[in-house]
*Asks:* 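The following block contains the structure, expressed as structure tokens.
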Amino acid sequence: MALTPYPASDFPAQPAALITGAASERGIGRATAHRLASQGWAVAVMDLDAPASEAVARDVAAQHGVPTLGLGVDISDEQQVIDAVARIDAELPQLVGVVNNAGISSPTPFTEVSTEEWKRVFDVNVHGTFFVTREAVKLFRRHSLGRIVNVSSASAERGGGVYGRAAYSGSKAALLGFAKTWARELGEYGITANSVAPGSIDTDIMGGRLSDERKEILLQELPVGRVGTVEDVAGAIGYLLGRDGGYLTGVTLDVNGGSHIH
Ligand code: NAD
């Protein structure tokens, strides 16, 4: 199999990136949208709520002067994803990046988790990522250029985490496997695929800010001596997506402050 060379000159002057789950106010996705836009990327924001996604898109455009598009999409709905990616293709510059960031957590112990909860976690975290990536890859193949980043979790690597139990950890571990397989399978189309595995980041995924007590417990396990920020994760994603990231594929970047070293 002849691998396509991947010269930096193939990168368009203004690439576009699609970021799922980018509407939440203090979330990793929104920070990533701003980070990429500050590096010149056009940005598509996908999240459940259309007005919230459109508002983030407007804000990113106003702050960074790049084309943006905000879309209300439930990524677990195949047809909604197909329609949304078609709009991105029609309305934004060449799609080069996809950040599979949308996700839901499941703190329920394995012996108590319902079938309904288990399926919903996999519908969003796993099947949603599949739908989005499949549609994005169709566009990437036109130009033999694409960058995929899955937002997994330290929970997938260490057997559960602060918030995640089996459904969450299992779904996030699936993303690590997908990225590695895509790296092998899609390399010949000029596509790289990687993951980030954040540790505890101070967002609202569990419905609010980290309590001081929770922070204190976390700090005891953190060699860097502080809880992670959304900018820490956005920076790693920006690197993997950008021009300088083209020789990394199948990699998992542990953005965890050293809480899990392996
Ligand atoms: P968040 O809750 O702020 O953001 C998640 C976003 O995903 C929300 O805006 C939500 O509306 C969106 N979303 C949920 N279901 C969706 C669906 N079906 N379709 C479209 N959008 C949907 O949380 P966050 O902490 O910013 O999480 C972002 C990602 O990072 C998640 O995948 C999460 O699992 C992962 N992560 C977070 C941490 C952490 O400590 N915060 C650690 C490791 C991994």
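Computation of the quantities below employed the complete heavy-atom set of this structure, encompassing side-chain atoms and omitting hydrogens, waters and symmetry-equivalent molecules. Each ligand, and each atom within it, is numbered from 1 in the order the structure gives.
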*Asks:* For ligand 1, does K172 get within less than 4.0 Å through its side chain, its backbone, both, or neither, judged by non-hydrogen atoms?
*Replies:*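 Only the side chain of K172 comes within reach of ligand 1.
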*Asks:* Is it the side chain (CB and beyond), the backbone, both or neither of S200 that lies under 4.0 Å from ligand 1, heavy atoms counted?
*Replies:* backbone
*Asks:* I'd like to know whether ligand 1 has S105 as a neighbour, heavy-atom separation below 4.0 Å.
*Replies:* no
*Asks:* Decide whether the shortest distance between a heavy atom of A22 and an atom of ligand 1 is less than 4.0 Å.
*Replies:* no
*Asks:* If you measure only the distance, is there a donor-acceptor pair under 3.5 Å linking the side chains of D74 and S76?
*Replies:* yes
*Asks:* Would you say G29 has any N or O atom under 3.5 Å from an N or O of ligand 1, going by distance alone?
*Replies:*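 Checking ligand 1 against G29, no N or O pair falls under 3.5 Å apart.
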*Asks:* Is ligand 1 less than 4.0 angstrom away from at least one heavy atom of A197?
*Replies:* no
*Asks:* Would you say S169 and S155 are linked by a side-chain donor-acceptor pair, where the criterion is simply a distance under 3.5 Å?
*Replies:* yes
*Asks:* Could you tell me if any non-hydrogen atom of V151 lies under 4.0 Å from any atom of ligand 1?
*Replies:*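 So V151 counts as touching ligand 1.
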*Asks:* So for atom CZ, which belongs to R141, do other residues, nucleotides or ligands contribute more than 12 heavy atoms lying within a distance under 6.0 Å?
*Replies:*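 For R141, atom CZ is not crowded (no more than 12 foreign heavy atoms under 6.0 Å).
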*Asks:* Ion pair present between E78 and R134, side-chain N to carboxylate O less than 4.0 angstrom?
*Replies:* yes
*Asks:* Using a 3.5 Å cut-off on N or O atoms only, is I28 in polar contact with ligand 1?
*Replies:*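 Yes, at least one N or O pair falls under 3.5 Å.
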*Asks:* What do you reckon, does R120 put a non-hydrogen atom under 4.0 Å from ligand 1?
*Replies:* yes
*Asks:* Kindly confirm or rule out an N or O of D204 lying under 3.5 angstrom from an N or O of ligand 1.
*Replies:*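 It does not: no N or O of D204 is found under 3.5 Å from an N or O of ligand 1.
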*Asks:* Is R142 salt-bridged to D89, going by a charged N under 4.0 Å from an acidic O?
*Replies:*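 Yes, this pair counts.
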